[in-house]
Amino acid sequence: MSREGAALPLYLHVISMPTMDKSALGSRMRRTSRPLVVVLFGPPGSGKSTQAILLERALGFVRISPGDILRSHVAAGDALGSEFARIMRTGQLVPDEIINRMITERIAEPDCADGFILDGYPRTHNQCEVLIRVLRQINCDAVVIKLALDTDIAVARLSGRLECKTCGELYHLASRRPKVAGVCDADGSGLTVRIDDRDDAIRTRLSAYEAQTEPALRLLSEFGYDCHVVRSGSALPEVTAGEIAECLRRSTARGTVGP
Ligand code: AMP
């Protein structure tokens, strides 16, 4: 996907997205020539996926979440799924070569041509190196958003979290109970505790983030990509989304973003 070869012009330059309404957003965006990649970083529990979903709706870009792809294998009960479940249950990271292949193949699909949102990739130094190579090959703009969250808030958010088995909607026993206990408000499916939302797995996931993911983030900034830090934790998701939108606006206002 070269600069010339991008299938459709890209609409970005987000001025503000208080309600993250896509139609309202469309009128506030201007064309830029390169596809945009939004890379969302943040510890488990920082609301990466919530923000990625809001951005997906607002920008019309696909969201790519390795966690979701891995969970779809687990749900399908295929051979890979049982291996992924074994790793995820411990809170550790799935090997780089598997994740890198999974994500680079996904990025090559046509629905990523105008841009995409990375939700949970890259998470290691090696994954960052691979991503930087891919970003250069496809000649795109990229902005990194790091969601910052205190560890005790992350632990509180992850413990007691419930997920819909069908649509993935998230609930919380303390802060967002479903109307009927154990049942998804949206589609009536059963709710479950994610295999990696158990206490020891939560601690391991947070340590993996501190030891492997945080340091890897530096690589992207050293290579010239804009990295913004947005605090998550106290504000409503829509408020955090508005701050992310402002970061995107600042970065894209200059034209191209990144090397
Ligand atoms: P998430 O849904 O992003 O919280 O990811 C859930 C789990 O999937 C993680 O704890 C890891 O075991 C695995 N996983 C997700 N993304 C990656 C990645 N980029 N690299 C390695 N493992 C990952």
Side-chain angles (χ1 to χ4, degrees), residues 37-56 62-76 78 80-107 116-135 142 144-149 151 153-165 167-172 192-217 219-220 232:
V37 178
V38 182
V39 186
L40 282 173
F41 266 86
S46 59
K48 272 192 311 299
S49 292
T50 303
Q51 293 304 324
I53 289 165
L54 289 171
L55 274 176
E56 181 180 37
V62 283
R63 175 178 75 102
I64 302 177
S65 155
D68 281 358
I69 301 174
L70 295 167
R71 279 186 289 278
S72 71
H73 283 282
V74 175
D78 55 30
L80 282 175
S82 56
E83 180 58 12
F84 295 154
R86 189 187 61 73
I87 298 171
M88 290 163 82
R89 200 171 281 122
T90 64
Q92 287 168 339
L93 296 178
V94 171
D96 285 336
E97 68 225 52
I98 296 176
I99 297 288
N100 285 331
R101 193 172 342 111
M102 197 178 257
I103 298 303
T104 49
E105 283 174 6
R106 180 66 189 88
I107 289 173
F116 50 91
I117 301 155
L118 289 174
D119 166 11
Y121 180 88
R123 263 171 146 120
T124 65
H125 195 274
N126 173 269
Q127 292 178 20
C128 272
E129 287 176 333
V130 170
L131 177 65
I132 288 167
R133 237 182 359 251
V134 171
L135 293 178
V144 178
I145 307 286
K146 177 185 144 184
L147 295 172
L149 183 74
T151 306
I153 301 179
V155 173
R157 277 187 172 186
L158 295 169
S159 326
R161 191 162 78 160
L162 294 170
E163 186 182 50
C164 173
K165 288 178 191 164
C167 70
E169 185 74 26
L170 291 172
Y171 297 86
H172 197 281
T192 181
V193 176
R194 251 171 59 167
I195 51 174
D196 52 353
D197 274 350
R198 296 165 211 277
D199 278 357
D200 46 349
I202 289 173
R203 297 276 167 199
T204 309
R205 287 164 68 200
L206 288 166
S207 309
Y209 179 78
E210 275 164 31
Q212 292 170 270
T213 309
E214 271 269 2
L217 172 64
L219 201 61
L220 282 159
S232 167

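Order of appearance sets the numbers: ligands from 1, and atoms from 1 within every ligand. Position 1 is the first residue of the sequence, and the numbers go up from there.
Atoms of ligand 1 lying under 4.0 Å from any heavy atom of Pro66, numbered from 1 in the order shown and given with element: 16 (N), 19 (N). Residue-ligand proximity, Asp196 to ligand 1, at heavy-atom distances under 4.0 Å covers atoms 6 (C), 7 (C), 10 (O). Counting the atoms of ligand 1 from 1 in the order shown, those under 4.0 Å from a heavy atom of Arg194 are 1 (P), 2 (O), 4 (O), 6 (C). Counting atoms of ligand 1 from 1 in the listed order, those under 4.0 Å from a heavy atom of Gln127 are 18 (C), 19 (N), 20 (N), 21 (C).
Judged by the shortest distance from any of its heavy atoms, Ile87 lies outside the 4.0 Å radius around the atoms of ligand 1. Under a 4.0 Å heavy-atom criterion, Lys48 is not in contact with ligand 1.
Residue Val94 has at least one N or O atom closer than 3.5 Å to an N or O atom of ligand 1. Geometrically, ligand 1 and Gly120 share a nitrogen or oxygen pair separated by less than 3.5 Å.
Taking each of Gln92, Glu163, Arg123, Arg71 in turn, the one with a heavy atom nearest to atom 16 (N) of ligand 1 proves to be Arg123. For atom 14 (N) of ligand 1, the candidate residues are Thr124, Leu70, Asp68, Ile195; the nearest heavy-atom contact is made by Leu70.
Proximity of a side-chain donor or acceptor of Ser159 to a complementary backbone N or O of Ala156 within less than 3.5 Å is not detected.
Annotation: side chain of Met102 is in contact with side chain of Leu70 (closest heavy-atom distance under 4.5 Å).
Shown here for Phe41 and Lys48, the closest heavy-atom pair between the two residues is C-CD, 3.8 Å. Of all the heavy atoms in Leu147 and Ser46, the pair that sits closest is CD1-O, 3.6 Å.
Taking CZ of Arg157 as the reference point, atom CG of Leu149 lies at 5.0 Å (rounded to 0.5 Å).
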task = Evaluate the side-chain contact (heavy atoms from CB on, under 4.5 Å) criterion for residues Tyr121 and Val130: first the C-alpha distance (whole Å), next the side-chain angles of each, then the deciding distance (0.1 Å), finally the verdict.
result = CA-CA 11 Å; Tyr121 180 88; Val130 170; 3.7 Å; yes

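Between Asp196 and Arg161 there is no salt bridge, since no side-chain N of the basic residue sits under 4.0 Å from a carboxylate O of the acidic one. Arg71 has a carboxylate O that lies under 4.0 Å from a charged side-chain N of Asp68, or vice versa, which qualifies the two as a salt bridge.
The backbone and the side chain of Leu93 each have at least one atom closer than 4.0 Å to an atom of ligand 1 (non-hydrogen atoms only).
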